[in-house]
Amino acid sequence: WLGYLQGQSGVKGAARKAAPVWSHNVSVAEDQEMISTAIAELTQGLEKLFDIKPKVSHSAASQASESDLTGQEAHGVWLGTWTGSEAVAQAFSDIERSAVHDEGYLIREDKEQGRLFIGSETPQGVLYGTFHLLRELVLDQESSNGVHPAEGRLSYIAEQPVNALRMINQWDNVDGSIERGYAGKSIFYENGEFTRDLGRIRDYARLLASTGLNAISINNVNVHQCESLFLTERFLGDVAKVAAEFRAYGIRLFLSANYASPIEIGGLLTADPLDEQVREWWNIQTAKVYAAIPDFGGYLIKADSENRPGPFTYNRDHADGANMLAEALRPFGGLVIWRCFVYNCKQDWRDRSTDRARAAYDHFKPLDGRFADNVILQIKNGPMDFQVREAVSPLFGAMEQTNQVLEFQITQEYTGQQRHLCYLIPQWKEVLDFDTFAKGPGSEIKRIADGSLYNRPYSGFAAVSNIGADACWTGHPLAQANLYGYGRLAWNPELSSEEIAEEWVRLTFGHDEEVVRLIYGMLLNSLEIYENYTAPLGVGWMVNPEHHYGPNVDGYEYSKWGTYHFADCDGIGVDRTVSSGTGYTSQYHRENAERYESVDSCPDELLLFFHHVPYTHVLHSGKTVIQHIYDTHFAGAEQAASLAENWRQLEGKIDPTVFDKVAKLQAGQAEHAKEWRDMINTYFYRKSGIAEEQGRTIY
Ligand code: GCU
């Protein structure tokens, strides 16, 4: 989506819009790293977009008041902070300025005078404003139907990020592999060392900042032996270099830390959070980290989860563990981001009383109020694990006195692994718009994530990245839309899936309306298509064990991971009701608890998540469960074929390398969707013995 830098994202043959009068001069009064980044981005962008060479002046002109600016010199862009640039401050009224704070920004284009101003309270805000300006300029290029999609929008823009923390989590390992990575090797590490290619990391920082993201953790939440050493002299110098790249783009660096570090790298005999020596060890080690990286963000912790060490070993709870780290980080303004993905991963499928979906709430809800003020709990969007469809986590709305961030997974672990097209923004929007009723109607998850419902000091979004060293960054070129969309949504959760899709397509592929229409349609239909041919009605998990790609209905059915669908010859689904099941429904507030508790009011798409029903159960749609399974799987495979067909229509209209790559991927998806269809349909036909109504082929 920054394709303008390579002369892309225009319409072939369309007249390039003339350079605005103000684009030839850029004036700045401040000497600040992020402002320098903003200027570099702006001048490069203007150069590429309009084929001009803007003149940058660190001149008195930008300090002079607006009324002093006359004649030719008065044309230009002024950018800066309210305190750093008088010209910028004076371009906006007190009321206008007071409408934005911190990373928020204002842009004003004065066409008559040939001036444009970008201003903010902070340098970050200036940088975000600059990216916004560039985005508008690309969107405003002439479209194939002769219109300018963004005409006139620059006259006045006021933007304020809704979420304070807008974070990305890398699951990269120092050996160069990426846990659940589908886009090649790590851009951060190779062969047990940090990469020497900081340029790629800088490009990544720029990609992230251009969408408004402001924090990153650079290593896998499963911290292995070697990565545990990131906190030590062995690697701190390298971490600091990476931090510097991100700093230039206003992005704060965090590390995933190993809870057992005091033992594994400190040589202590315990990691008990209440042990004085252990606490002291973390204090000292953390001070060393800050000596190397003064603006270090803090620690991201996966503890007592999937065999990772944690406070349970010492009969302590998660508040004890998190607060110990909070104490070490507090003097430096650092944060502990503590993940809630904690459950019993050594379950027996016969044990119907243990329900993995219950686990996060059961562990964390009783701790509400006990976490230090610089601890944030990171909660996955659903109670299981990033399935294409699952309920939302009931932990949202359950903790009034605890800082929380919402965790999404951009990397497509369970949604086609960047070989299938799956635009995830609609899924995330559903989560964000879900009303928890925690404080009555209007208690949507987005209001918990942004901290406003409970007035929390720290809150926001985190998501697992989908990038790697692939030339196109994301394996599937169209999977970039998920990274882009995540950043845009973290900035403003009110943006719609449609707006984000259109914006991304135009920025990436230009304004040929046929191209826009086709790719936009592919993106917006893709999630439903993927859901159609994979696991039905919210049940999830019908994938091959370990790598999680491809259909395997019983792949996880008898394993220890607590991920069952309980299909037999009579029916399918997990009974999570209070009346006859695991009682999970009671973790929601009354309105939702009641809705899910009854088969009559439970929404179809989550029926098997909450209930065990016979195959003949009739859905609200009027179909039986079994016929729904057959229909969606036949439909899904056909729709996947039509995605491939749609893409083929773009031949000659877009870059041939991208065209070929996506064409191959879509053909593969269409084939693989048939495999899904047949595996699922055959399994349920055999189990249920119920014929398909239309007599279509079931193997
Ligand atoms: C999933 C995923 C793991 C990951 C884990 C987590 O279970 O398969 O690879 O480590 O989530 O979020 O910690």
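In this text the structure is predicted, and so the values were computed from the model without any measurement. In listed order, ligands and their atoms are each counted from 1.
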Could you measure the distance from the OH atom of Tyr584 to the CZ atom of Arg358? Nearest 0.5 Å is fine.
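Nearest 0.5 Å value for the OH-CZ distance: 10.0 Å.
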Could you tell me the separation between the CD1 atom of Ile265 and the OG atom of Ser228, rounded to the nearest 0.5 Å?
6.0 Å
Does Arg180 qualify as a cation-pi partner of Phe386, given the criterion of NZ or CZ under 6.0 Å from the six-membered ring centre and within 45 degrees of its axis?
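No, cation not above the ring by the 6.0 Å, 45° rule.
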Could you identify the single nearest non-hydrogen protein atom to [atom] and state the distance to 0.1 Å?
atom: atom 3 (C) of ligand 1; result: Glu179 OE2, 3.4 Å
atom: atom 13 (O) of ligand 1; result: Lys302 NZ, 2.6 Å
atom: atom 7 (O) of ligand 1; result: Asp385 OD2, 2.7 Å
atom: atom 8 (O) of ligand 1; result: Glu413 OE2, 2.5 Å
atom: atom 5 (C) of ligand 1; result: Glu306 OE1, 3.3 Å
atom: atom 11 (O) of ligand 1; result: Lys380 NZ, 3.1 Å

Which part of Phe386 is near ligand 1, with near meaning a heavy atom under 4.0 Å away: side chain, backbone, both or neither?
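No part of Phe386 comes within reach of ligand 1.
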Between Val464 and ligand 1, which part of the residue brings a heavy atom under 4.0 Å of the ligand: side chain, backbone, both or neither?
neither
Salt-bridge criterion met for Asp385 and Arg356 (N-O under 4.0 Å):
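Yes, charged N to carboxylate O under 4.0 Å.
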Tell me if the aromatic rings of Phe194 and Phe230 count as close, with their centers under 6.0 Å from one another.
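Yes, ring centres under 6.0 Å apart.
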So that I know where these two stand, are Trp349 and Tyr564 an aromatic pair - ring centroids less than 6.0 Å apart?
no
Mark the output for Gln409 as yes if a heavy-atom distance to ligand 1 is under 4.0 Å, and as no if none is.
no
Give the numbers and elements of all ligand 1 atoms closer than 4.0 Å to a heavy atom of [X].
X: Phe341; answer: 5 (C), 6 (C), 7 (O), 11 (O), 12 (O), 13 (O)
X: Asn222; answer: 10 (O)
X: His548; answer: 8 (O)

Testing the basics here: between Ile216 and Leu208, what is the closest heavy-atom pair and its distance to 0.1 Å?
CD1-CD1, 4.1 Å
Heavy-atom closest pair, residues Gln404 and Leu395
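Result for this residue pair: OE1-O, 3.9 Å.
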For ligand 1, which is the ligand I care about here, please tell me if Glu407 has any N or O atom under 3.5 Å from one of the ligand's N or O atoms.
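N/O-N/O distance below 3.5 Å does not exist for this pair.
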Would you say Trp171 and ligand 1 have an N/O pair spaced under 3.5 Å apart?
no
Just checking Asn191: does its CG atom have more than 12 heavy atoms from other residues, nucleotides or ligands closer to it than 6.0 angstrom?
no
